[in-house]
Amino acid sequence: MTATIDRIISERAPSLPARLSFTPAGSPPGLLDGAWWPRSRDLFRELPALTKVLDARWGRITHVTVNPTHWPVVPRKVPVAGRTVHVGWFAEEQDPNKLILLSYTAGRWDLLVIPPESDPAAAARLMSAAATPGGLLTASALMASEHTTHDAQETLWREEDWETDGGAVSANAGRA
């Protein structure tokens with residue numbers, strides 16, 4: 001039995017619109033140009049919706065590069081609206097939380113890739129942070145900052161639960 005993966009994948013239903021944020025046009029350059037929150041880790045399915053939005057905004061996207069750390073399969077080519085977008089990967093040279101988009105006519109853009117399984121509130125914070133004009137944090141630094149914020153919030157919630165459930169004894173308890 002022979003299976004053609006490309007044929008099976010290309011027959012999938014159209015994907016949902018891309019979830020994106022961008023730095024404002026004309027703003028000072030930073031390390032990131034915005035953020036992308038894909039719905040899955042399937043580049044073959046996710047890239048067409050992304051490039052559809054970006055083609056209209058930045059010009060025809062011709063190449064995309066990723067770090068394969070978070071992508072189980074990195075296709076070499078992805079069909080998009082009757083053309084092909086070439087996909088490359090760099091394991092050591094590229095931040096694992098960043099997607100690089102290239103256009104022959106308009107240049108390069110770097111987007112933070114928010115993990116698909118992210119909590120919507122965390123994704124919103126990351127999308128806002130990545131779209132900050134003149135931002136000096138790398139994609140991985142933004143992700144680490146979000147994890148630190150989340151961990152601190154979790155600790156605070158646990159402490160509040162402990163206090164409200166009778167876990168702590170007040171300083172005046174037992175004194176008459």
Side-chain angles (χ1 to χ4, degrees), residues 12-75 77-81 83 85-154:
R12 290 182 181 166
S15 58
L16 296 169
R19 300 179 290 187
L20 295 161
S21 67
F22 303 108
T23 55
S27 62
L31 294 180
L32 295 169
D33 299 297
W36 175 45
W37 185 20
R39 289 177 172 78
S40 74
R41 294 192 184 275
D42 182 349
L43 281 171
F44 201 89
R45 189 177 92 202
E46 297 290 338
L47 284 179
L50 175 64
T51 57
K52 179 180 179 184
V53 171
L54 298 179
D55 282 354
R57 182 178 176 93
W58 290 335
R60 188 179 214 164
I61 303 300
T62 56
H63 290 80
V64 174
T65 66
V66 298
N67 180 312
T69 301
H70 299 299
W71 302 101
V73 176
V74 179
K77 297 177 182 180
V78 175
V80 175
R83 63 186 174 87
V85 172
H86 298 271
V87 182
W89 58 272
F90 297 98
E92 298 295 324
E93 300 88 352
Q94 186 168 330
D95 186 324
N97 297 298
K98 182 169 75 172
L99 178 85
I100 298 173
L101 302 135
L102 302 168
S103 167
Y104 286 132
T105 59
R108 168 186 165 158
W109 299 272
D110 295 8
L111 297 179
L112 166 69
V113 178
I114 300 169
E117 63 277 2
S118 294
D119 173 72
R125 287 189 299 271
L126 286 164
M127 291 182 99
S128 177
T132 301
L136 298 177
L137 293 178
T138 65
S140 285
L142 281 175
M143 293 301 295
S145 174
E146 177 59 32
H147 289 303
T148 301
T149 300
H150 179 265
D151 292 346
Q153 187 64 47
E154 285 290 319

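Values below: every heavy atom of this structure, side chains too, minus hydrogens, waters and symmetry copies.
Remark: the backbone N or O of R125 is not paired with any side-chain donor or acceptor of S128 at under 3.5 angstrom. Under a 3.5 Å cut-off, the side chain of T62 and the backbone N or O of L102 do form a donor-acceptor pair.
Among all heavy-atom pairs drawn from W58 and A106, the shortest one is O-CB, 2.8 Å. Contact detail for V78 and P75: the closest heavy-atom pair is CG2-CG, 3.7 Å. Counting all heavy atoms, side chain and backbone alike, L126 lies closest to L142 at CD2-O, 3.6 Å. The minimum heavy-atom distance between W37 and P115, with the atom names listed, is NE1-O, 3.1 Å. Of all the heavy atoms in W109 and S103, the pair that sits closest is CZ3-CB, 3.6 Å. Closest non-hydrogen pair, K77 versus F44, comes out as O-CE1, 3.8 Å.
For E93, there are no salt bridge (Lys or Arg N to Asp or Glu O under 4.0 Å) partners, not counting sequence neighbours. Among residues two or more places apart in sequence or in another chain, the salt bridge (Lys or Arg N to Asp or Glu O under 4.0 Å) test is passed with R57 by none. Here T65 pairs with Q94 under the side chain to side chain donor-acceptor pair (under 3.5 Å) rule; sequence neighbours left out. Residues passing the salt bridge (Lys or Arg N to Asp or Glu O under 4.0 Å) test with R39, sequence neighbours excluded: none.
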Could you pull out all donor-acceptor pairs under 3.5 Å where a side-chain atom in residues 134-141 meets a protein atom, sequence neighbours excluded?
unit_1 : atom_1 : unit_2 : atom_2 : d
T138   : OG1    : A141   : N      : 3.1
S140   : OG     : D95    : OD1    : 2.6
S140   : OG     : D95    : OD2    : 3.3
S140   : OG     : N97    : ND2    : 2.9

Can you list, pair by pair, the side-chain donor-acceptor contacts under 3.5 Å of residues 27-36, counting residues two or more places apart and other chains?
unit_1 : atom_1 : unit_2 : atom_2 : d
S27    : OG     : P24    : O      : 2.7
D33    : OD2    : D110   : N      : 2.8

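Counting heavy atoms from C-beta outward, R60 and T105 have side chains that stay 4.5 Å or more apart. The shortest side-chain heavy-atom distance between V73 and L43 does not fall under the 4.5 Å cut-off.
By the 4.0 Å N-to-carboxylate-O rule, R19 lies too far from E46 to be salt-bridged with it.
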_Audit row: L111, L101, side-chain contact (heavy atoms from CB on, under 4.5 Å) steps and yes/no_ = CA-CA 8 Å; L111 297 179; L101 302 135; 3.5 Å; yes

